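To start, the structure under review is shown below, and the notes come after it.
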2 protein chains.
Amino acid sequence: MAYKIKFDNFFSYAFSLDCVIFGYEKGMIHALLIKRAMKPFMGDWAIPGDLVYPDEDLSSAASRILTELTKVEGVKLHPGQTFGKPDRHPQGRVITNAYFALVRKDDVHAVADSWAEEVNWLPIRDIPQLAFDHNEIIESTFELLCQKLKREPICFDLLPEKFTLNEMQQLYEYSFDSRLDKANFRKKIKSIPLINLNEKQFNVKHRPANLFKFNSDRYAELVEEEKYLFRM
Amino acid sequence: MAYKIKFDNFFSYAFSLDCVIFGYEKGMIHALLIKRAMKPFMGDWAIPGDLVYPDEDLSSAASRILTELTKVEGVKLHPGQTFGKPDRHPQGRVITNAYFALVRKDDVHAVADSWAEEVNWLPIRDIPQLAFDHNEIIESTFELLCQKLKREPICFDLLPEKFTLNEMQQLYEYSFDSRLDKANFRKKIKSIPLINLNEKQFNVKHRPANLFKFNSDRYAELVEEEKYLFRM
DNA sequence: GCAAAAGTGTTTGGATTACACCCATGC
DNA sequence: GCATGGGTGTAATCCAAACACTTTTGC
């Protein structure tokens, strides 16, 4: 069977990456968005994303693009789903992959650069109409995040370095959209390797909580020995 | 910041889809492969896959490609991971997405067509060197399958329409590479809506087993009511 | 003392595990 | 009868949910 078009004419698509950056702060998950100073969808909010260069590896392209648009560096981006409806980009066939990352919101100082006119964190449950099919991308990538939160200790990417157990619980309550029993939550996380720093909160008008830290070395060991499976 | 190349020059990539078809039979999972009658990698085994047409939706392209190469029709393909190393295709930048499907091996009669010289089912744990990066694609898609088997009732796509509980157990043992206790397995699956057909196996030299059927309507109802979560 | 959140213990019922046992069929 | 797998019951244990309770801080 012959192709309906010449082989060489297949090489007429572009490939882009969109970087969905989830940031956590005060019990809420936000997404890092940019205001487009470029056509199409000029002036609209969008996920930071751009076209991949011909010689670029996808994961390094994702980091480059994020840095170019928001000056955010050094976050670990994970590949996500692919979006490729023929008409999703008005200027041609652009297929995109949604990379995503999890960060502590105040570890990351995003600054608009390149063709981003403005950057902003918007709460994930309150996202306006975005450019292209970016609303769909955010929604389905957020679902992916929630799946991962259940099976991998990625909550510690979102929490502050030193966190209270209540902060951890709130993150899970927010992302699963449910209430959890304090005592049971603490029993459940007993098996996760946490370091009790024996430091206290201060300036709180109630009994100060202990601060904890994720023991990622110990976690790596446990996984290595196949003696532990994270599950929430 | 200006692009390092002209905007129009980004539209020089091709996008392909590879269809990883998992087929189950006699306690083993196989993948449907084709022998390439086309350069590059002519004569090598590969995952059935091809380039997406400019106006084509990804999921319909996946079905079309599978049918063109193997005459297999009507299987439900799920989107998978994206593979896009710059040098993965010798003829240009081709980014691919690995769609996958689960079938009963003997429901599907694959016949080589188009530029496929031959088709064959090969056991997933015994795949030879394939074209391109297809070994990597198979491996990581098989992992994805195993993940899904734990969380979604897709085992019934692999099992015969009428199956014995032991056949079901064997499928899980094979994909999780473990042994399960018969009595406990049966207790665990008590919550899955199965229909006992009150039919027996025949021509077996032991006590004939009851045949079961997955009650997909009941399952859909339960999911709708959010009263049930599949988990193995 | 009071409010507010930290932090712990107890009970209960349901699931998971390990293991033993009986049943039906072909040869 | 015996080999082979089909099919079930039980007891011990673990785990999750519900809920009550004590502790420590600021004001």
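Being a predicted model, the structure only gives us computed values, none of them experimental.
In this structure, the CG atom of N203(B) is 16 Å from the C1' atom of dG5(D), given to the nearest Å. F185(A) has its CZ atom 16 Å from the C1' atom of dT8(C), to the nearest Å. One interatomic measurement links the two molecules: NZ of K182(B) to C1' of dT16(C), which rounds to 18 Å at whole-angstrom precision. Spacing between atom CD of Q201(A) and atom P of dG26(D) amounts to 12 Å, rounded to whole angstrom units. Following rounding to the nearest Å, D181(A) (CG) and dA6(C) (C1') show an atom-to-atom distance of 14 Å. Put simply, CG on L180(A) is 11 Å from P on dA18(D), counting in whole angstrom units. dC14(D) atom C1' lies 16 Å from atom NZ of K190(A), rounded to whole Å. With rounding to whole Å, R179(A) atom CZ is found 16 Å from dC19(D) atom P.
For N166(B) and dG6(D), the shortest distance from a side-chain N or O to OP1 or OP2 is below 4.0 Å. Between N210(B) and the phosphate of dG6(D), there is no side-chain N or O to OP1/OP2 separation shorter than 4.0 Å.
Listed nucleotides: dA24(C), dA6(C), dG7(D). Nearest to the side chain of R186(A): dA6(C). Here the nucleotide nearest the side chain of A183(B), chosen from dG7(C), dG7(D), dC19(C), is dC19(C). With dG5(D), dA5(C), dG26(D) as the choices, the nucleotide that has an atom nearest any side-chain atom of K205(A) turns out to be dG26(D). The A209(B) side chain lies nearest to dG6(D) when the options are dA24(C), dA18(D), dG6(D).
Geometric assessment of R125(B) against the ring of Y174(B) yields a positive cation-pi assignment under the 6.0 Å and 45° thresholds. Taking the ring centre of F176(A) as origin, the terminal cationic atom of K150(A) falls inside the region bounded by 6.0 Å and 45° from the ring axis. Judged by the 6.0 Å and 45° rule, K213(B) forms no cation-pi pair with F156(B).
Remark: S216(B) OG to I195(B) CD1 distance equals 8.0 Å, nearest 0.5 Å.
Mapped onto DNA chain D by nearest heavy atom, H206(A) and K187(A) fall at different nucleotides, with K187(A) at the one closer to the 5' end.
Using a cut-off of 4.0 Å between Lys/Arg side-chain N and Asp/Glu carboxylate O, E136(A) and K85(A) are scored as salt-bridged.
For dA18(C), the base has a donor-acceptor partner in the side chain of N184(B) [N/O atoms by modelled type, under 3.5 angstrom].
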